[in-house]
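Reading through the structure tokens given below for one structure.
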Number of protein chains: 2
Amino acid sequence: MNLRQLAEHLQLSQTTVSRALNGYPEVSEDTRQRVIRAARELNYSPNSRAKGLATGRSMAIGHVIPVSDRHQMVNPVFGDFIAGAGEVYAASGYDMVMSLVGEAGEEDLYRSIRARGNVDGMVVHGPRLDDCRIALLNDLGMPFVVHGRATRIEAPYAWVDSNSERAFERATNHLLDLGHRRIALVNGHEDMDFAWRRRLGYETALAARGLAPDPATMCAGEMTELYGHEVARRLLEGPEPPTAFLVSSLIAAIGVRRAAQDLGLAPGRDVSIVTHDDDLGYMKNGADVPIFTATRSSVRDAGRHAAQMLLSMIAAPQAPRPTRLMEAEFILGASTGPAPI
Amino acid sequence: MNLRQLAEHLQLSQTTVSRALNGYPEVSEDTRQRVIRAARELNYSPNSRAKGLATGRSMAIGHVIPVSDRHQMVNPVFGDFIAGAGEVYAASGYDMVMSLVGEAGEEDLYRSIRARGNVDGMVVHGPRLDDCRIALLNDLGMPFVVHGRATRIEAPYAWVDSNSERAFERATNHLLDLGHRRIALVNGHEDMDFAWRRRLGYETALAARGLAPDPATMCAGEMTELYGHEVARRLLEGPEPPTAFLVSSLIAAIGVRRAAQDLGLAPGRDVSIVTHDDDLGYMKNGADVPIFTATRSSVRDAGRHAAQMLLSMIAAPQAPRPTRLMEAEFILGASTGPAPI
DNA sequence: GTGAAAGCGCTAACAA
DNA sequence: TTGTTAGCGCTTTCAC
């Protein structure tokens, strides 16, 4: 069932039917009702390609998710972010199109996405400290929001992030308060902005107590169970084993925990293992200090906000963009002027 | 830069340019090279909406992911599946469009996806035992592949699944071999096909040793850390605490483990906790028996296969459709002996 | 308040 | 081997 058929069925022109369906004022209320009812009865939905071609909008948002070439690992946190964003898109009639992309040839991908015109805007995931995609997207004039930040990039851009630095500073303090002095940091690749910030928070907390970070207890890699396991095993079997682990991902923490068990250590008693994206972070963890930032639901909220921001940028391309909001569970930011919400 | 402009630039007709770019044979090799070079230089990519309108194909595959209304939980396993599928799509020039959808109003969603025509086929995730979407999609004539199965559905359809039943049977046997007699099952909602199969495997193993499953040690719910924590705490504090837990998800297992720790029990010593979608499943877990099915990489493989299958169904709509696709492949260590790695 | 007609950017008969 | 022409299904002037 397409517009022409619907129009014929109603004995009306395509124009009128289109107007009725799209809420244009110059249609009589009578016809509008008639049209709407018929559309529902006959199960008519406009063909989105045709609509897009005619309007120049595609009613879709692209999400580009970097996939590590080495371990082919997808960060589970994306799932929650995507879920939040998807909610907003669904409510506004947008589709979400995902591209999973290795690190090579990214630049071309963005250019071609632009040219093919199948998205009206995009969300950039997993930014690196000096991520060049931001400049590229600005050049291309494509509306975008970054999930995370790129600290070394000067250009203004909209972003939504959680406060990695503060989270890790607090987590480290928490462990220090419990009396730990050798605290291992199991981090993600530190060219990723979020991992870099986490390390910063960790080092800040140590420095505040006059402790120097020991390179031997800091490591960075792909956040898998295997990596967590391998690193923890090595450290625990080493000369000065850490008494606590601060782990940058729930998944890697599983490996760390398993390694401790394999060596006959009881997590929570013989060794403390703390991770930040754990929905149980607020529960007993050797003490009652809340240490989490990125619970499943806060990440979902972040996704919602990112999507809302992007859609409003698309709706009003000229409007000034929000600057920064909320420093509770996650932080939002952008280039100019105060933000809604 | 669009086709018309490119054609003008080359002093050729749009048709010829189009043909050259799309590999039609009737273009002279000379012009083809000239066209291709110009296209690259001028950074031309065809507008996918227009192309889709003209060809009737949208070069996109839809993935519909059910999101629980209650806990708004996204199963992390989707991430890996999606990653595998995405790889295949990218290689074939397809986009992946995702819809996250609550349980209500699903039916309409599929109808409207069909009508809007923005995907050429779809992957259905999270099927329930008697999932009605299969009949619906068959009715709609939309090519689709199910990630999982719907046991109570008679109609033929293509699916990719891991062998939940056998995995849980083996895991249960493993725990029984270790001497456990009270083994708790912490399962997903049992209207979901995968959860139902897992329970089946669990019960089969018990029955084989003449043990009756105790309803008090079986529970099903949303697979979150919080749920795992709550259930484990309740069971461990109960009159006859289980000595082992068989947990249907890595995430829930984290909650179970935490609950045990909170009660002063050491996982792996005082209580065994076994989960199947754990990349460390092949490692020491109280013994050296491999018990996992769904490692991150096997799920990714499943995604690849599903995508490939779907694309070939789309390419050859008349060809007889497979009604089943790869099962054993994804049961690493079960059908083919000890696990790789 | 309604309709006719001209595109949006591309592909695919059909002609030459 | 190349070009002409007519759509794909919709929106959007412009005219009535």
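So that the names make sense, note that chain A is the first sequence line, chain B the second, and so on, each numbered from 1. Being a predicted model, the structure only gives us computed values, none of them experimental. These numbers come from the heavy atoms of this one structure, side chains and all, not from hydrogens, waters or symmetry mates.
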Distance-only donor-acceptor check, side chains Tyr24(A) and Arg32(A), under 3.5 Å: no
Select one nucleotide: of dC10(D), dG3(D), dC10(C), the one nearest the side-chain heavy atoms of Leu12(B). dG3(D)
It should be established whether Lys51(A) places a side-chain nitrogen or oxygen under 4.0 Å from OP1 or OP2 of nucleotide dG9(D). no
Looking at the base of dT12(D), is there any donor atom on it, or on the side chain of Thr15(A), that sits under 3.5 Å from an acceptor on the other one? yes
Name every residue in residues 21-40 of chain A that has at least one heavy atom under 4.0 Å from any atom of DNA chain C, in order of residue number, or write none if there are no such residues. Glu26(A), Val27(A), Ser28(A), Thr31(A)
Consider side-chain hydrogen bond (donor to acceptor under 3.5 Å, both in side chains). Of Asp95(A), Asp120(A), Asn118(A), which one does Ser58(A) pass it with? Asp120(A)
Side chain of Thr16(B) (C-beta onward), nearest among dG3(D), dG9(D), dC10(C): dG3(D)
Taking the six-membered ring for Trp and the single ring otherwise, decide whether the centroids of His63(A) and Tyr89(A) are under 6.0 Å apart. yes
Please state how far atom CZ in Arg57(A) lies from atom C1' in dG9(C), giving the value in whole angstrom units. 18 Å
Could you check which of dG9(D), dT11(C), dT2(C) has an atom nearest any side-chain atom of Arg19(A)? dT2(C)
Less than 4.0 angstrom between a side-chain N/O of Asn2(B) and OP1 or OP2 of dG9(C), yes or no? yes
Look at the side chain of Thr55(B) against the base of dA12(C) and say whether a donor-acceptor pair falls under 3.5 Å; ignore hydrogens and angles. no
Using side chain to side chain contact (heavy atoms under 4.5 Å, CB included), reason through Phe81(A) and Val123(A) one step at a time and then give a plain yes or no. CA-CA 11 Å; Phe81(A) 189 95; Val123(A) 175; 4.0 Å; yes
